[in-house]
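Here's the structure we're looking at; comments come further down.
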Amino acid sequence: MPQAIRYNLGFPDKYDQPSKRAYIACQEFGHTLGLRHSSNRGSCMFPNDVTAAEVLTSDEIGMLNTNYDIPQ
Ligand SMILES: [Zn+2]
């Protein structure tokens, strides 16, 4: 069954631009799939900084492919 994702609008400075929302969504989906925070600013898994990248790194994507046994 489809589920809605809602941002916590109690923190408007974190959600006032699409890129910030993309960063948050990327990180939360990453956590859901088992990824931890990263020290790499080129990853959306970099914590607590909405100016970090909005995407996963190729290493993180590879980890997900391996963890979920997805052929590459
Ligand atoms: Zn996080």
Side-chain angles (χ1 to χ4, degrees):
M1 175 178 208
Q3 298 291 311
I5 295 174
R6 295 195 174 103
Y7 292 98
N8 182 346
L9 300 178
F11 301 94
D13 59 317
K14 290 194 181 287
Y15 306 109
D16 62 354
Q17 296 174 17
S19 64
K20 294 178 180 178
R21 291 190 291 271
Y23 162 80
I24 297 288
C26 180
Q27 185 170 136
E28 297 310 326
F29 277 115
H31 284 312
T32 298
L33 295 172
L35 296 177
R36 295 175 182 257
H37 286 151
S38 168
S39 60
N40 182 350
R41 292 187 55 81
S43 167
C44 68
M45 297 311 294
F46 188 86
N48 303 319
D49 186 345
V50 294
T51 65
E54 308 160 18
V55 295
L56 297 172
T57 64
S58 58
D59 286 349
E60 291 163 334
I61 292 169
M63 286 171 34
L64 292 177
N65 287 334
T66 299
N67 291 349
Y68 291 94
D69 199 23
I70 298 170
Q72 299 183 37

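Hydrogens, waters and symmetry mates are skipped; everything else that's a heavy atom, side chains included, is used. In listed order, ligands and their atoms are each counted from 1. Nothing fancy with the numbering, it's 1 onward along the sequence.
For Tyr7, the ring-ring contact (aromatic ring centres under 6.0 Å, His included) criterion is met by Tyr15, not counting sequence neighbours. For Arg21, there are no salt bridge (Lys or Arg N to Asp or Glu O under 4.0 Å) partners two or more places apart in sequence or in a different chain.
Distances shorter than 2.8 Å separate the Zn ion (ligand 1) from the protein N/O/S atoms Gln27 OE1, His31 NE2, His37 NE2.
For the pair Asp59/Asn40, no side-chain contact is recorded, criterion being any heavy-atom separation below 4.5 Å from C-beta on.
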Kindly indicate, with the supporting measurements, whether the criterion side chain to side chain contact (heavy atoms under 4.5 Å, CB included) is fulfilled by Leu56 and Phe29. CA-CA 10 Å; Leu56 297 172; Phe29 277 115; over 6 Å; no
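Within the structure, disulfide bond (SG atoms under 2.5 Å apart) pairs that include any residue of residues 31-63 comprise Cys26-Cys44 (at least two apart or interchain).
A donor-acceptor contact shorter than 3.5 Å is absent between the side chain of Tyr23 and the backbone of Thr51.
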